[in-house]
Structures are given as C-alpha cells and as structure tokens.
Amino acid sequence: MLGFGTVGSAVYEITKLQSIRLTGQTERTLEIRHILVQDPNKTRLANVPAHLFKTDFDEILADKE
C-alpha cells in the first residue's frame, strides 16, 4: 500500500474487517505486506503492526511475494 492517510488507513481497516469474506469470494488471501509512509514513527489511530511501515519504496518493490 502506498500511503496511509485518510484513504489508505480506511482501505487497511476495510481489508482487515472484510478479509474472510474477500477470501471466500475470490478464493485468494488478501494480505497487506507493506505500507509506504514518510514517517514510520508517527502516531496513528489505526492499530497496525509497526513492521508493515516502510519508508523505502525500493524495499517494497524487492519483495518477491
């Protein structure tokens, strides 16, 4: 995911809440593996594991999965 502002955080929350339904409809698991942000230490309202936040776009592109 590129960005975690108003839209990005809403997409993250919807994805978490609807993951079981989405998996059942698509027969695939939807997983957010990285979230590109400018400041990974910024306080955010959403409860997101800190390891998902990245500041390096190339690190995200290098993920083979």
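All values below were derived from every heavy atom in this structure, side-chain atoms included, with hydrogens, water molecules and symmetry-related copies excluded.
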**Request:** Taking all heavy atoms of Pro49 and all of Tyr12, pick out the closest pair and write down the distance.
**Result:** CD-OH, 3.5 Å

**Asked** Is there a path from Leu52 to Val7 through hydrophobic residues (I, L, V, M, F, W, Y) whose side chains come within less than 4.5 Å of each other?
**Response** yes

**Fill in**
Between the CZ atom in Arg33 and the NE2 atom in His51, the distance rounded to the nearest 0.5 Å is 8.5 Å

**Leu2 with Leu61, same ILVMFWY side-chain cluster at under 4.5 Å** = yes

**Message:** Can you confirm whether more than 12 heavy atoms, excluding those of Asp39, are under 6.0 Å from its CG atom?
**Reply:** yes

**Euclidean distance, Thr15 OG1 relative to Leu22 CG, rounded to 0.5 Å** = 7.0 Å

**Complete:** To the nearest 0.5 Å, atom OG1 of Thr23 lies from atom CD of Gln25 at 9.5 Å

**Crowding at CG, Leu17 (>12 non-hydrogen neighbours, <6.0 Å)** = yes

**cation_pi(Arg44, Phe53) dist<6.0 Å, angle<=45** = yes

**Request:** Find the distance between CG (Asp56) and CG (Leu36) and round it off to the nearest 0.5 Å.
**Result:** 8.5 Å

**Request:** Could you tell me the separation between the NZ atom of Lys54 and the CE atom of Met1, rounded to the nearest 0.5 Å?
**Result:** 14.0 Å

**Asked** Atom CG in Leu30, atom NZ in Lys16: separation rounded to 0.5 Å?
**Response** 13.5 Å

**Item:** Non-hydrogen atoms of Gln38 and Thr55 that approach each other most closely
**Value:** O-CG2, 3.8 Å

**Message:** Please say yes or no: joined through hydrophobic side-chain contacts below 4.5 Å, possibly via intermediate residues, are Ile32 and Ile60 part of one cluster?
**Reply:** no

